[in-house]
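Everything below concerns the one structure shown next.
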Amino acid sequence: MFDTPTTIDNVGERGQAVYDANIRHLVETAHHGKFIAVEPDSGDYIIRDRIVDAMLDMKAKWPHAYSHIIRIGYEAAIIL
């Protein structure tokens with residue numbers, strides 16, 4: 001997807017770009033309100049009902065990669 005690996009500084013921007021370009025149209029309707037973890041360098045993603053499950057499952061699959069978490073159909077995963 002990108003020429004250089006994703007870093008902690010750019011994971012959000014890259015993850016959102018991959019989601020917007022390649023994933024959003026596939027998941028937005030069927031999975032509204034669920035959480036998606038996106039691994040920007042591979043384009044791989046995991047959808048789960050709970051944010052913690054998306055995080056843990058993606059970390060198990062890609063232990064050395066950074067992932068971006070999105071709540072499908074919302075502008076933010078968590079609002080405080």
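These values consider heavy atoms only, across backbone and side chains, with no hydrogens, waters or symmetry-generated copies.
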[atom1]/[X] to [atom2]/[Y] distance, rounded to the nearest 0.5 angstrom?
X	Y	atom1	atom2	answer
M55	I46	CE	CD1	12.0 Å
R48	L56	CZ	CG	10.5 Å
R14	S67	CZ	OG	13.5 Å

Check whether any side-chain heavy atom of [X] sits under 4.5 Å from a side-chain heavy atom of [Y], and report yes or no.
X	Y	answer
P40	V11	yes
H31	I36	no
I72	Y19	yes
R24	Q16	yes
E39	Y45	no
V27	I47	yes
D53	D49	no

Legend entry - Aromatic F35 / basic R50 pairing, under 6.0 angstrom, 45° off normal: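 Not flagged: R50 not positioned over aromatic ring of F35.
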
Inset, instruction - Might you confirm whether atom CD of E28 has over 12 heavy atoms from other residues, nucleotides or ligands at distances under 6.0 Å? - result: yes

Inset, instruction - Answer yes or no: are there more than 12 heavy-atom neighbours, outside Y66 itself, under 6.0 Å from its atom OH? - result: no

Whether the side chain of [X] engages the backbone of [Y] through a donor-acceptor N/O pair (distance < 3.5 Å, no angle test) should be reported.
X	Y	answer
D41	P5	no
K59	A65	yes
D57	A54	no

Which atom pair, heavy atoms only, marks the closest approach of [X] to [Y]?
X	Y	answer
H68	G12	ND1-CA, 3.5 Å
A77	I69	CB-O, 4.0 Å
L26	N22	CD1-O, 3.5 Å

Inset, instruction - State yes or no: do F2 and I70 share one hydrophobic cluster built from I, L, V, M, F, W and Y residues joined by side-chain heavy-atom distances below 4.5 Å, directly or via other members? - result: yes

